[in-house]
Amino acid sequence: MRPAFRRRAAGLAALLFALPLAAGAWSGVQHIQINKAAGRNVPDEMAAFRDFARPMALPGIYPDLWKESDPDEGPRHYFEPDRLPPDTDVRALSPVQIEAFLQMDAVPAEIGIAPWTIVELLAQTTDAMRATNWLWAAQCGAALSHYVADLHMPLHCTRNFNGQETWQVGVHARIESDMTKAFFHADAIQPGPAVYLENPFREIMGWVERSAALAPVLLRADLIAKRAANGRIDSETYYLRLWELTGDHVTAQISAAATHLSSLWYTAWVDAGKPAIPAPFDELPTFSVHSGVGIDPASEGGPVGASRSRQNHRYDTIIWGVMGGLALVVVASSLWRGAQERKAKGP
Ligand SMILES: [Zn+2]
């Protein structure tokens with residue numbers, strides 16, 4: 001085993017303790033890491049945004065939590081071009097959702113609407129920046145970040161998103177959540193330069209195509225790793241092999257998500273006329289930018305004070321969940337390294 005890989009393997013023990021964070025996308029930790037990297041990655045002329053984007057990192061996980069209260073939220077997180085005829089040029093579709101679904105013979109809830117959701121939120125972010133409504137710009141820009149990151153997860157771009165068509169049920173969470181939480185480290189994120197996007201919709205569809213092309217690679221890796229582990233998909237052998245086969249792809253996709261997110265934020269700011277960027281907010285509201293639902297279904301319709309405190313409680317739970325997950329990875333890493341060193345030294 002290569003030393004670098006052995007180091008990455010250090011996090012495996014954390015699998016045992018992994019906390020159930022926001023499901024259905026990269027694990028919550030990766031969404032936050034992508035947003036932080038993207039915030040740092042904006043061009044120098046937009047340097048004030050680097051501080052401004054800091055409170056936009058945690059809200060990158062909220063859209064997964066809105067699913068609990070908003071039945072329309074789910075399809076915003078994926079787009080599955082393999083539901084379309086193979087010769088379909090998705091870049092040639094209309095950036096206007098209603099027009100695109102007239103062009104495609106597809107059902108929005110089935111095929112997903114992530115690209116159009118991003119375009120819509122990009123427009124809202126731009127308008128809000130132009131009007132110097134910076135709170136709304138931050139909320140829309142943070143929501144947009146989630147869908148951008150999701151589209152860079154290849155299994156968000158295929159109809160076989162959970163291996164249900166190939167007897168690989170559960171592969172979605174095994175790769176994007178269990179494996180990445182154990183092995184992926186934020187230091188590995190290396191974004192390319194943020195650039196102005198002349199035609200965001202075509203760019204987004206290009207990201208989708210790249211991501212979709214990786215879906216079969218990930219699904220094949222799951223089969224190979226499962227075989228190596230004699231069918232034990234809960235074993236160390238399985239996850240080590242899976243990471244060996246897919247780690248570079250996952251790292252490249254997460255880095256690309258950070259690059260592309262910073263390009264979208266930069267594009268919004270340029271199109272808004274490069275307005276002066278204010279000091280950052282302490283924190284952003286948790287409610288959905290689409291429907292206004294909170295992140296706690298129990299809070300719907302309740303008295304304002306009570307609902308606010310329940311939301312805060314939920315908010316605290318998320319923060320502590322993320323912090324706890326990170327702490328466990330660190331502890332598990334050092335335990336593992338200690339064990340390896342003791343083994344190397346001999347009795
Ligand atoms: Zn999601």
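The model shown is predicted, which means the values in this text are computed figures rather than measured ones. Both ligands and their constituent atoms are indexed starting at 1 by order of listing.
- For the pair ND1 of His77 and OD1 of Asp64, the angle at the Zn ion (ligand 1) is about 90°; rounding is to 10 degrees.
- The aromatic ring centroids of Phe49 and Trp269 lie 6.0 Å or more from each other.
- Here the N, O or S atom of Asp150 that is nearest to the Zn ion (ligand 1) is OD2.
- Looking at Val289, Leu264, Val119 one by one, the single match for side chain to side chain contact (heavy atoms under 4.5 Å, CB included) with Leu144 turns out to be Leu264.
- Considering just the N/O/S atoms of His146, the one nearest the Zn ion (ligand 1) carries the name NE2.
- Pairs passing the side-chain hydrogen bond (donor to acceptor under 3.5 Å, both in side chains) check and including a residue from residues 101-117, sequence neighbours excluded, do not occur.
- The list of salt bridge (Lys or Arg N to Asp or Glu O under 4.0 Å) pairs with a residue in residues 250-260, not counting sequence neighbours, is empty.
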